[in-house]
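Predicted model, so just to flag it, every value in this text is computed and none were measured. Start at 1 with the first residue, then count along the sequence.
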Amino acid sequence: MNIQPLLDALDLQEDAARALADDLGAQIDDLQTRLREAETHLEHLSITRKTITGLADRLPAVPPDLPEHPDYPRILAVFNHATGPLRAKDVCEALDREPLPKNIEGTRAKLKRLVKLGILTGADTGIFTRKQ
């Protein structure tokens with residue numbers, strides 16, 4: 001019996017398997033390189049996060065943006081010159097507004113908004129101070 005055709009077929013299969021193994025080995029090398037690059041990038045990101053977190057408490061606090069109404073800077077100026085806590089009525093008088101209920105309520109609403117923004121504190125009901 002002639003086994004040469006079988007041996008030739010085996011040679012072809014071995015060559016194909018060897019080529020596949022070589023190709024897969026090259027892909028593995030490429031993937032390992034990419035994996036090392038990704039792990040290095042992750043390490044750098046981790047270091048950056050730690051650095052930023054460590055410096056965050058050293059950065060000066062940025063005051064929140066004031067609403068666009070022109071009264072807000074004037075209200076803050078009143079609190080900058082105040083020596084103690086103020087009521088909405090006191091702020092109205094400092095802004096040269098008549099202490100009418102509608103003016104006091106409008107001012108109180110603005111003061112409460114400044115409390116929500118973290119600029120003022122509501123010490124007691126109706127009493128406001130500048131946050132330290």
Side-chain angles (χ1 to χ4, degrees):
M1 174 174 183
N2 188 1
I3 60 169
Q4 191 57 42
L6 284 174
L7 293 175
D8 290 342
L10 282 174
D11 285 342
L12 287 174
Q13 288 183 0
E14 283 178 345
D15 290 343
R18 190 172 294 111
L20 179 61
D22 290 344
D23 185 46
L24 291 174
Q27 288 180 25
I28 289 172
D29 290 342
D30 181 52
L31 289 173
Q32 285 176 334
T33 300
R34 291 175 55 194
L35 177 61
R36 278 191 300 276
E37 290 171 356
E39 288 172 340
T40 301
H41 187 64
L42 282 171
E43 287 176 25
H44 291 163
L45 290 173
S46 176
I47 291 167
T48 302
R49 178 179 297 281
K50 287 178 185 176
T51 303
I52 290 172
T53 304
L55 293 175
D57 59 343
R58 297 180 194 170
L59 296 174
V62 176
D65 291 333
L66 289 177
E68 295 200 18
H69 195 281
D71 281 349
Y72 287 99
R74 294 178 63 211
I75 291 170
L76 290 181
V78 169
F79 277 93
N80 287 337
H81 296 298
T83 58
L86 297 173
R87 293 184 176 277
K89 183 178 179 181
D90 302 327
V91 175
C92 278
E93 290 171 354
L95 295 175
D96 294 326
R97 295 213 174 108
E98 290 186 52
L100 299 174
K102 69 175 188 172
N103 292 337
I104 293 171
E105 288 305 313
T107 302
R108 183 175 291 117
K110 289 178 178 91
L111 294 173
K112 287 182 178 181
R113 185 153 188 207
L114 290 172
V115 168
K116 285 183 183 177
L117 290 172
I119 297 171
L120 298 180
T121 58
D124 288 321
T125 305
I127 298 176
F128 300 91
T129 59
R130 183 78 190 238
K131 198 170 193 176
Q132 301 300 331

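Considering every non-hydrogen atom in both F79 and L111, the closest pair reads CE1-CD2, 3.5 Å.
At a threshold of 4.0 Å, the pair R108-E105 counts as salt-bridged, since one of the basic side-chain nitrogens sits closer than that to a carboxylate oxygen. Under the 4.0 Å criterion applied to side-chain N and carboxylate O atoms, R113 and D71 are not assigned as salt-bridge partners. For R87 and D90, the salt-bridge test fails: no basic side-chain N is under 4.0 Å from an acidic carboxylate O.
Under the 4.5 Å side-chain criterion, counting only non-hydrogen atoms from C-beta, T107 is not in contact with F128. Looking at heavy atoms from C-beta onward, T121 lies out of side-chain contact with R130 at the 4.5 angstrom threshold. Here the side chains of T48 and I52 are in contact, with some heavy-atom distance below 4.5 Å.
Note on L114 and I127: separate hydrophobic clusters, where clusters join Ile, Leu, Val, Met, Phe, Trp and Tyr whose side-chain heavy atoms are under 4.5 Å apart, directly or indirectly.
Between the S46 side chain and the L42 main chain, no donor and acceptor come within less than 3.5 Å of each other.
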**Prompt:** Can you list the steps and then say if D8 with L12 is a side chain to side chain contact (heavy atoms under 4.5 Å, CB included)?
**Reply:** CA-CA 6 Å; D8 290 342; L12 287 174; 5.8 Å; no

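Summarising the geometry, atom CD belonging to E39 is positioned 11.0 Å from atom CD belonging to E37; distances are rounded to the nearest 0.5 Å. The line from CZ of R18 to CG of D23 is 14.5 Å long, rounded to the nearest 0.5 Å. Taking CG from D29 and CZ from R34, the interatomic distance works out to 13.0 Å, rounded to the nearest 0.5 Å. Going from atom CG of D15 over to atom CG of L20 covers 12.5 Å, rounded to the nearest 0.5 Å. Rounding to the nearest 0.5 Å places CG of L45 at 12.5 Å from NZ of K50.
No option in I75, I104, L86 other than I104 meets the side chain to side chain contact (heavy atoms under 4.5 Å, CB included) test with C92.
Residue Q4 places its CD atom among more than 12 non-hydrogen atoms of other residues, nucleotides or ligands, all under 6.0 Å distant. Around CD1 of I3, the count of heavy atoms belonging to other residues, nucleotides or ligands within 6.0 Å does not exceed 12.
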